[in-house]
Amino acid sequence: MNRFDYVKPASVAEAIAAASAPGAAYLASGTNLLDLMKGNVVRPARLVDISHLTELTRIEHRENGDVRIGALVRNADLACDQSFARDFPAIAEALLSGASAQLRNAATVGGNLLQRTRCAYFFDPASGCNKRTPGAGCDAREGDNHQHAVLGWSEACIATNPSDFCVPLAAFDAVVEIEGPAGRREIALEALHLLPGSTPERETVLDPGEIIVAIRLPAEARAFARHARYLKVRERNSYAFAVVSAAAGLVIENGTISHARLALGGVAAKPWRAREAEALLAGQPAGPSAFQQAAAAALRDARPSGDNAHKIPLARSLIVRALAAAAQGTPSRMPALPASPFSSVPGVHQ
Amino acid sequence: MNWTVRLTVNGEPRTLALDDPRVTLLDLLRERLHLTGTKKGCDRGQCGACTVLVDGRRINSCLTLAVSLDGAAITTIEGLAQGDQLHPVQEAFIAHDALQCGFCTPGQIMSAVGLISEGHAGDDPERVREGMSGNLCRCSAYVGIVEAVLDAQDKLTGKTERAA
């Protein structure tokens with residue numbers, strides 16, 4: 001790990017001033033950043049420790065029905081907030097399917113949004129990686145790439161975004177509140193992450209010094225609470241990143257879908273909202289035919305970036321499974337293995 | 001530059017001067033406080049051997065900077081027993097033969113203490129396995145570990161007989 005200057009600002013405003021210097025990085029709990037620093041993957045000149053800023057640790061259930069989640073709320077605390085889990089069960093399930101209990105106890109929701117790809121070539125300073133070193137080439141293109149992107153990738157970068165949490169956040173129109181040297185702004189979660197194009201080193205729309213202060217869920221997203229699931233295929237059934245994941249939410253009236261939400265994880269450099277699939281589902285009976293059409297539409301533009309063609313039919317199957325599970329109804333209790341498609345929830349294991 | 005960190009470690013207040021902010025909680029415990037019960041396995045948050053409680057919550061001490069924990073209360077494996085009286089989780093690990101080489105055991109036990117206090121697993125072995133998935137055991141003593149966690153939980157919650 002490189003030497004760095006460590007500062008502990010007393011407020012968000014002080015933090016922004018301290019982090020506007022070149023080479024500065026925010027430190028929340030550090031579960032991702034310290035791992036990257038130990039591997040010499042990132043070498044910040046200054047760490048701005050925000051972990052003690054209690055103004056960012058609140059979950060606010062607002063009168064208008066919105067929920068505002070401070071950026072330093074721990075993943076475990078959000079997932080176990082009973083009111084939140086009742087209103088946004090697929091988000092709670094996604095959180096509980098990520099990492100381990102120890103990491104969820106430490107990792108913050110703001111940090112989750114900004115975690116880096118787990119592409120092995122990004123993590124290995126001896127490998128060529130355009131994201132780590134612009135212009136260095138992409139060793140993943142001809143390497144072990146069976147887990148890499150099938151949507152939105154470029155010749156410069158085929159890495160995926162590893163977050164589970166971001167997938168249902170994208171599906172349910174979460175908003176990200178940002179503060180920075182130029183003031184306050186907010187953007188849709190869906191607009192936070194960038195596709196790689198020719199500049200894979202630029203992963204989000206955040207400018208230097210900008211900090212995520214909160215994530216907000218709109219009241220309307222609660223309409224999906226009775227029919228919402230997050231399913232995730234992993235190489236092992238716990239403590240592993242998604243090969244492919246899907247967040248599905250439905251509003252069903254007399255057997256007919258009136259509104260649908262669908263987003264995929266593990267397939268691209270950002271959580272992948274499948275709007276065309278959502279539009280196809282609306283107005284159809286909640287059943288296999290509609291689910292299969294939606295799955296086909298969601299993966300229409302997919303193409304392998306290496307030895308990963310299997311992820312395309314896998315994603316289609318998982319979408320059908322997630323929509324069927326959502327249609328059946330949100331389980332009354334969090335499944336023992338959150339997000340597992342091999343769960344014992346009746347009717348889900350087909 | 002020096003940083004002062006005040007911690008309560010296993011009930012004892014400690015004031016520590018750090019000359020380098022890179023020191024993790026794990027290295028502080030092992031190298032500065034000579035509490036070597038907490039193990040360094042992967043040092044990258046993947047194995048769970050370094051699990052300790054910070055303000056009662058289980059975390060990976062290898063991925064935590066000590067300097068950021070000013071004011072926190074830390075419990076390590078050395079802080080569980082009351083004199084010669086082992087903690088119920090320690091007793092259960094012995095009774096259920098929940099270890100072979102023992103290297104992962106302090107982390108497993110601290111994680112189990114955290115899991116039981118979180119209270120989400122109940123008596124479902126599947127939920128215990130899921131809740132303990134952040135602790136790897138190369139000797140694969142998992143069957144005994146799950147039994148030990150369930151048994152200790154029964155004792156700690158005052159439940160004497162567990163449903164099958």
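Protein chains get the first letters and strands the later ones, always in sequence-line order, with residue 1 at the start of each.
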Item to check | Region of B/Asp43 in contact with chain A, defined by heavy-atom distances below 4.5 Å | outcome: both
Item to check | Closest-packed option against chain A by number of heavy-atom pairs under 4.5 Å, given B/Arg127, B/Glu126, B/Met132 | outcome: B/Arg127
Item to check | Structural part of A/Ser29 lying under 4.5 Å from a heavy atom of chain B | outcome: backbone
Item to check | CG-CD distance between A/Asn237 and B/Glu130, expressed to the nearest 0.5 angstrom | outcome: 8.0 Å
Next on the checklist: Is A/Lys8 in contact with chain B via its backbone, its side chain, both, or neither, using a 4.5 Å heavy-atom distance?
Outcome noted: side chain
Item to check | Side-chain heavy-atom pair A/Arg236, B/Ser133 within 4.5 angstrom cut-off | outcome: no
Checklist entry - Where on B/Leu65 is there a heavy atom nearer than 4.5 Å to chain A: the side chain, the backbone, both, or neither? => result both
Checklist entry - CZ of A/Arg3: more than 12 outside heavy atoms within 6.0 angstrom? => result no
Item to check | Under 4.5 Å from any heavy atom of chain A - which part of B/Val54 | outcome: neither
Item to check | A/Asn2 versus chain B, the contacting section by heavy-atom distance below 4.5 Å | outcome: backbone
Item to check | Carboxylate-amine/guanidinium proximity below 4.0 Å for A/Asp77 and B/Arg57 | outcome: yes
Item to check | B/Arg44, CZ: over 12 other non-hydrogen atoms inside 6.0 angstrom | outcome: yes
Item to check | Closest non-hydrogen atom pair between B/Ser68 and A/Tyr6, with its separation | outcome: CA-OH, 3.5 Å
Checklist outcome for this item: Here the gap from B/Asn60 atom CG to A/Leu34 atom CG, rounded to the nearest 0.5 Å, amounts to 11.0 Å
Next on the checklist: If I measure from the heavy atoms of chain A, does B/Asp124 come under 4.5 Å with its side chain, its backbone, both, or neither?
Outcome noted: side chain
Would you tabulate the side-chain donor-acceptor contacts of residues 102-112 of chain A under 3.5 Å, counting partners in other chains and residues two or more places apart, or write 'none'?
from     : atom 1 : to       : atom 2 : distance (Å)
A/Gln102 : NE2    : B/Thr51  : OG1    : 2.9
A/Gln102 : NE2    : B/Ser111 : OG     : 3.4
A/Gln102 : NE2    : B/Asn135 : OD1    : 2.8
A/Arg104 : NH1    : A/Leu96  : O      : 3.4
A/Arg104 : NH1    : A/Gly98  : O      : 2.8
A/Arg104 : NH1    : A/Ala99  : O      : 3.4
A/Asn105 : ND2    : B/Arg58  : O      : 3.0
A/Asn105 : ND2    : B/Glu118 : OE2    : 3.3
A/Thr108 : OG1    : A/Gly111 : N      : 3.0
A/Asn112 : OD1    : A/Gln115 : NE2    : 3.2
A/Asn112 : OD1    : A/Ser163 : OG     : 2.6

Next on the checklist: Heavy-atom count check: over 12 atoms from other residues, nucleotides or ligands less than 6.0 Å from A/Arg118 CZ?
Outcome noted: yes
Checklist entry - Do A/Phe4 and B/Arg22 have side chains that get closer than 4.5 Å, going by heavy atoms? => result yes
Item to check | B/Cys62 versus A/Lys38, closest heavy-atom pair with distance | outcome: O-NZ, 2.7 Å
